[in-house]
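Some notes on the structure that comes next.
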Amino acid sequence: MVKSMKMPKRNTIIPVIFMLAVLIFFAPPAYCAFDLSYTFEQGGSRLEFDRTNFSRAITFTATNDVANNRYEIRQRTDGPLRSRDNPSLTIGNNFVVRGFRGSNAYGDLRIPTADIPVRNDELIYVSNPAGNSDSFTLVYAIANSQEIAPGYYTGRITLILNPIGSAQSPVTKVIEVYVSVEDSGGSLSVTVEPAEGANSLIINPSEKDDLRGMSSAVVTVNGSFNGPFRIMQMLSQPIQSQEGKFIDSNNLVYSVPDAKIGVAMNQPTPLATNIQTIYSSRPDGSSDKIFSIVYSLAEPFSLIAGNYRSRIQYILESSGKQVNLGALDLEIRQDRIFEINISPQDQRYNIDFSNLKPGEGPRINEVLVEVKTNIGRPYQVTQNILSDLVSSEGIDIPSKFFSLKTVSVNSTKGQLKVLDKIGVAKGSLLLFISDNDGSSDQFKILYELVCPPDLKAGSYSSRITYTLTEI
């Protein structure tokens, strides 16, 4: 009979626990390279819209503590904003977003400066290759709220920071959205439309026709009011170009020149970013049935070239209630100006000295150079002498008798490069460099000729060109 031997039990639990403890003790600490945060420009912790403000700006800040870790930020939605009381009612493409071009320092902000609908899985930002921390500003808005059925709408947007080529986990931020659209009641009795029949107010101060330097909105009061009412406006977002340039709202002015019954501003007044009254009826509610709001620029030619956009919101206040009258898109088109003018005109391509005689005293030709520009970048002016100073018979005057220098005119802003007389020789010569802002400017060139004693009498000229160049 064979007896089975019972093997003694070995304690394997303690070594395993010990090894796990060692691994945990020596494991590297968890490290989070990325983070995403946001702040509302007007305060608060959620995206709320109502009749007093259908536009809200949010600044997002992405932080990254590890070099060369690229990342992207996407925007997602749970669907359209829905009415709390009637889920079949939604706000679709009226929920819009636009980017502040230039609000970011390093990466690529993909949201354009014009309003676009808030879409699901929208790529809104990509970092630079170094993955630098950065911030950018988005403006969310409710467009054409008069088209939306009254009610209380809710929803949410989600911003997700995704590391690119990294094992780090995405960072997610959820923003709740609340929209209150009140009953428009009396809004149908007052309308505001562009006078030109377009869908927006367009100002083009660079046009020769002065009428194109302004734009008008026509206000029509179709109904009657039993008491006083006011029509108000506000600039709902900054006036910004695609290049990230801004126009100070004080440079955009308005007036109501044809109001006869009610009270209105008939002198150019700066547009405000908060609500301002532009027209008030009489106490009994009587008013002008139609009047115009004229918009223009206070200093039109101080603008840097570009296309600038914004929106003007209109509000009717009556019987203690405010009703949204809708908004008009505003577009300011400042055409590019970059030109050089030479006076007198007959000196633009030639320097002429007529009826010269031997040993005659100095002859001076003055040329006025004027540069008009709005590109906002430095520039320079050069001259190019294409031929010696010669007569029609081909006899030339040595350059030692022919000199030039540049002089200031009306406090020239830029830098004159020929302050002392130098001989005029064939070839290119730098005459002037603008200030750092590339301001419009002017200066003079003084060409001086001393007639040599052996000069053959007659008329002499030299071919010349002037060139304006961006630096």
Side-chain angles (χ1 to χ4, degrees), residues 41-42 47-57 91 94-96 115 139-153 178-195 199-201 215-239 249 252-256 259 261-266 269-283 285-295 309-330:
E41 296 295 317
Q42 296 170 310
L47 204 52
E48 295 185 83
F49 303 100
D50 57 31
R51 66 172 184 241
T52 63
N53 195 349
F54 280 108
S55 179
R56 296 288 303 273
I91 298 177
N94 295 74
F95 185 30
V96 297
D115 288 340
V139 177
Y140 290 89
I142 302 298
N144 301 318
S145 60
Q146 73 276 8
E147 301 173 354
I148 304 171
Y152 191 73
Y153 298 78
Y178 298 86
V179 183
S180 177
V181 180
E182 294 194 359
D183 191 344
S184 337
S187 66
L188 295 179
S189 60
V190 178
T191 59
V192 184
E193 297 176 325
N199 295 323
S200 59
L201 300 167
S215 188
S216 299
V218 176
V219 180
T220 304
V221 181
N222 299 306
S224 59
F225 292 82
N226 296 324
F229 68 88
R230 295 189 299 163
I231 296 174
M232 302 175 289
Q233 69 179 3
M234 65 177 292
L235 200 63
S236 60
Q237 57 197 39
I239 311 171
S249 61
L252 180 63
V253 296
Y254 77 95
S255 63
V256 182
I261 299 175
V263 178
M265 300 297 298
N266 59 8
T269 304
L271 209 67
T273 54
N274 53 357
I275 296 177
Q276 63 185 154
T277 300
I278 56 178
Y279 182 88
S280 299
S281 73
R282 288 181 177 177
S286 57
S287 68
D288 298 87
K289 293 302 180 184
I290 186 169
F291 59 88
S292 300
I293 312 169
V294 180
Y295 299 93
R309 296 179 183 274
S310 183
R311 288 171 67 83
I312 302 176
Q313 188 83 33
Y314 299 95
I315 300 164
L316 170 67
E317 184 176 82
S318 175
S319 302
K321 293 183 179 180
Q322 290 185 350
V323 177
N324 177 28
L325 297 177
L328 294 180
D329 290 325
L330 171 67

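The first residue of the sequence shown is numbered 1, and numbering continues consecutively from there.
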Could you walk me through whether Val139 and Ser55 pass side-chain contact (heavy atoms from CB on, under 4.5 Å), step by step?
-> CA-CA 7 Å; Val139 177; Ser55 179; 3.3 Å; yes
Apply side-chain contact (heavy atoms from CB on, under 4.5 Å) to the pair Ser280 and Arg230, showing each step before the final yes or no.
-> CA-CA 5 Å; Ser280 299; Arg230 295 189 299 163; 3.7 Å; yes
Verdict with reasoning, Tyr254 to Val294, per side-chain contact (heavy atoms from CB on, under 4.5 Å) = CA-CA 5 Å; Tyr254 77 95; Val294 180; over 6 Å; no
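At a threshold of 4.5 Å between non-hydrogen side-chain atoms, the residues Ile231 and Leu316 count as touching. Looking at heavy atoms from C-beta onward, Leu328 lies in side-chain contact with Pro194 at the 4.5 angstrom threshold. Residues Leu330 and Leu252 form a side-chain contact, since some pair of their non-hydrogen atoms from C-beta on lies under 4.5 Å apart. The side-chain heavy atoms of Tyr140 and Val96, taken from C-beta on, include no pair separated by under 4.5 Å. The shortest distance between side-chain heavy atoms of Ile312 and Tyr295 falls below 4.5 Å. Contact check for Gln233 versus Val192: no side-chain heavy atoms found under the 4.5 Å cut-off. Between Leu271 and Gln276, some side-chain heavy-atom pair lies under the 4.5 Å cut-off. Between Phe225 and Ser281, the closest side-chain pair of non-hydrogen atoms is not below 4.5 Å.
In terms of the ring pair (Phe, Tyr, Trp, His ring centres under 6.0 Å) criterion, Phe54 has no residue partners (sequence neighbours excluded). Residues satisfying the ring pair (Phe, Tyr, Trp, His ring centres under 6.0 Å) criterion with Tyr279, sequence neighbours excluded, are Phe291. With sequence neighbours left out, Asp329 forms a side chain to side chain contact (heavy atoms under 4.5 Å, CB included) with Ser200, Arg311. Listed by chain and number, the residues in a ring pair (Phe, Tyr, Trp, His ring centres under 6.0 Å) with Phe49 amount to none (sequence neighbours excluded). For Gln42, the side chain to side chain donor-acceptor pair (under 3.5 Å) partners two or more places apart in sequence, or in a different chain, are Asn53, Arg56.
Within the structure, salt bridge (Lys or Arg N to Asp or Glu O under 4.0 Å) pairs that include any residue of residues 273-283 do not occur (at least two apart or interchain).
Formation of a donor-acceptor pair under 3.5 Å by the Asn266 side chain with backbone atoms of Val256 is not found in this model. A donor-acceptor pair is defined here as one N or O able to donate and one able to accept, closer than 3.5 Å; no such pair exists between the side chain of Ser292 and the backbone of Ser216. In this structure a side-chain-to-backbone donor-acceptor pair under 3.5 Å is present from Asp288 to Ile261. For the pair Ser249 (side chain) and Ala272 (backbone), a donor-acceptor distance under 3.5 Å is absent.
Shown here for Ala259 and Gly262, the closest heavy-atom pair between the two residues is CB-O, 4.5 Å. In terms of heavy-atom proximity, Ser318 sits nearest to Phe229 at CB-CB, 3.9 Å. The minimum heavy-atom distance between Asn274 and Met234, with the atom names listed, is O-CB, 3.6 Å.
Atom OG of residue Ser236 and atom CD1 of residue Ile142 lie 12.0 Å apart, to the nearest 0.5 angstrom. Rounding to the nearest 0.5 angstrom, the gap separating the CD atom in Gln322 from the CD1 atom in Ile275 is 5.0 Å.
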